[in-house]
Number of protein chains: 2
Amino acid sequence: MATRIAEPVRGTDTEVAILESARDLLAEGGLAALSMRAIAARVGVSATAIYNYFENKQDLVRRVVSLGFERFVGYLRAAIEGVPPGSTERLQALGQAYIRFALENREYFRVIFASHADCPTDIEELPAGGGYNLFRQTVVDAMESGAIRRSDPDLVVLYLWTHVHGLVTLLLSCEPNARCRHTGEKLSAPELFGRFGDFVINGLKDRG
Amino acid sequence: MATRIAEPVRGTDTEVAILESARDLLAEGGLAALSMRAIAARVGVSATAIYNYFENKQDLVRRVVSLGFERFVGYLRAAIEGVPPGSTERLQALGQAYIRFALENREYFRVIFASHADCPTDIEELPAGGGYNLFRQTVVDAMESGAIRRSDPDLVVLYLWTHVHGLVTLLLSCEPNARCRHTGEKLSAPELFGRFGDFVINGLKDRG
DNA sequence: TTGGATATGTTAACGGCGTAAAGTTTACAC
DNA sequence: GTGTAAACTTTACGCCGTTAACATATCCAA
């Protein structure tokens, strides 16, 4: 038998280069800038060469989005490091990280949550691969420590997620500054999140 | 002088026909189905004829979206009819109408809130033309009646809006059924909204 | 009445898009 | 050396938004 010379197939490099170019193009100019020809030009290859590695454009985008998601979960993980479990601060840290990711990776975020019926998913699979469970565990800890009142953790996760997601998508709809003017002042997403935190956490606490 | 034969200029009919065809195509197949050539084919006219009435595609889309917005405000107005002012029920009715519009006019909703930097807007101009003020007045009434605690009405409007918008966009990201499975059951947007209402309203009430 | 502007359309064409088909080069197993 | 499979190119098709040039109808002023 032939000893496998462990040199990786040259094509694999190309695949990585395609994904990286696609990721960069997406970040720089949004979905509109993400064309097969543009990607190919960056990689230094013909547009049709891409079809050796990806079934079609949608498949490629799916892969790029998947990479973006890992990045997203990285934000969440980093956010709660050093913040004591069971505290509402930890919940807020997660929310802030969600916002930070969206603002620092706008095009990624947009594409991730613009899965226009192309790729039907169950809602909790979106931030899965650790994201959802991270969120959920933080909620459970907060309930057990008494920081928030006991109820269905999944419902609470979805509630908090809804809140932060809504804030981000609304502000992202109002490019270019992603800020909101109300009562005369301009507020950024993190500032608004801070102000809303009062309502949100209050709603989760025991009455009286 | 020639007596004015009151026949309206044929061109105006064409403009209306273009807008209606565009609206229908958008509703049927989303932004992807909305091409100048497809619109023209429906109207029975050449694609370039459209440029007599609209500067370019973006301009046309803006007009279509504007029509959609009027429709949206119509949903909101209808929702609070017959519901007593000052009640939290009125707030919930607005939220339910928001959700209903999004689910019954998905493509409209998507396009309205996907103003990808093309048309920078201040956030409160989005549901303006009556929408925002409607929302705000409902909040003010609820504060004055004591249904919710007194605080900055604009902040509360944004808070509630954030909540319902987040719920809808999250569920719309999970086509085709726009439902969420959690703890084993499938919940629709209105059902989830109902469950979240507890948290939301509780957060806005006075403590104790 | 006529003639020129204006409004309302047309067809042809440009460059860009995703992608299919066919052909070419390269690497390697037997 | 030959066959085979992978990696890649060229060419081409039918879409797309948009421009330019041209046709026709309508209206008003002289």
Side-chain angles (χ1 to χ4, degrees), chain A residues 1-22 25-26 28-65 107 111 114-119, chain B residues 1-23 25-26 28-65 107 111 114 116-119:
Chain A
M1 82 185 81
T3 42
R4 262 322 215 124
I5 310 292
E7 201 59 46
V9 191
R10 206 168 71 89
T12 299
D13 289 345
T14 306
E15 180 169 356
V16 171
I18 291 170
L19 281 171
E20 288 177 348
S21 293
L25 280 168
L26 182 65
E28 290 165 19
L31 253 190
L34 194 67
S35 80
M36 299 300 259
R37 285 170 163 91
I39 296 166
R42 283 223 177 180
V43 176
V45 104
S46 76
T48 51
I50 299 176
Y51 289 82
N52 284 319
Y53 304 96
F54 306 92
E55 210 177 289
N56 49 34
K57 188 182 181 181
Q58 182 183 308
D59 182 35
L60 202 173
V61 169
R62 200 170 10 234
R63 290 281 302 278
V64 172
V65 165
E107 300 306 334
V111 174
S115 53
H116 287 114
D118 292 340
C119 39
Chain B
M1 82 187 85
T3 41
R4 251 342 206 111
I5 310 292
E7 205 56 48
V9 190
R10 210 168 68 89
T12 299
D13 290 344
T14 307
E15 181 170 354
V16 171
I18 290 170
L19 282 170
E20 287 176 349
S21 294
R23 179 240 294 148
L25 280 168
L26 183 64
E28 289 166 19
L31 252 189
L34 193 67
S35 79
M36 300 299 261
R37 285 172 164 90
I39 297 165
R42 284 222 175 180
V43 177
V45 103
S46 74
T48 52
I50 299 176
Y51 290 83
N52 283 320
Y53 304 96
F54 305 92
E55 209 177 290
N56 47 36
K57 188 182 182 181
Q58 182 184 308
D59 182 34
L60 201 174
V61 169
R62 203 173 3 239
R63 291 282 303 276
V64 173
V65 165
E107 299 307 333
V111 173
H116 287 114
D118 292 341
C119 39

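Hydrogens, waters and symmetry mates are skipped; everything else that's a heavy atom, side chains included, is used. Protein chains get the first letters and strands the later ones, always in sequence-line order, with residue 1 at the start of each.
- In this structure, the side chains of Leu31(B) and Glu107(B) stay at 4.5 Å or more apart for every pair of heavy atoms.
- Contact annotation: the side chain of Leu19(B) never approaches that of Arg23(B) to less than 4.5 Å [non-hydrogen atoms, C-beta and beyond].
- The distance from atom CG of Asp13(B) to atom P of dA7(C) is 17 Å, rounded to the nearest whole Å.
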Base-contact (B) and sugar-phosphate-only (S) positions in nucleotides 10-25 of chain D, heavy-atom cut-off under 4.0 Å, - elsewhere: B-B---BBBB------
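- Taking atom CD1 on Ile18(B) and atom C1' on dT8(C), their separation rounds to 11 Å, with Å as the unit.
- The interatomic distance linking Asn52(B) (CG) with dT6(C) (C1') rounds to 11 Å, in whole Å.
- Under a 4.0 Å N-O distance rule, the pair Arg63(B)/Glu55(B) does not qualify as a salt bridge.
- The interatomic distance linking Tyr53(A) (OH) with dA5(D) (C1') rounds to 13 Å, in whole Å.
- By the 4.5 Å heavy-atom criterion applied to side chains, Arg62(A) and Phe54(A) are not counted as neighbours.
- Residue pairs meeting the side chain to side chain donor-acceptor pair (under 3.5 Å) criterion with at least one partner in residues 34-45 of chain B, sequence neighbours excluded, are Glu28(B)-Arg42(B).
- Counting heavy atoms from C-beta on, the side chains of Ile39(B) and Leu60(B) come closer than 4.5 Å.
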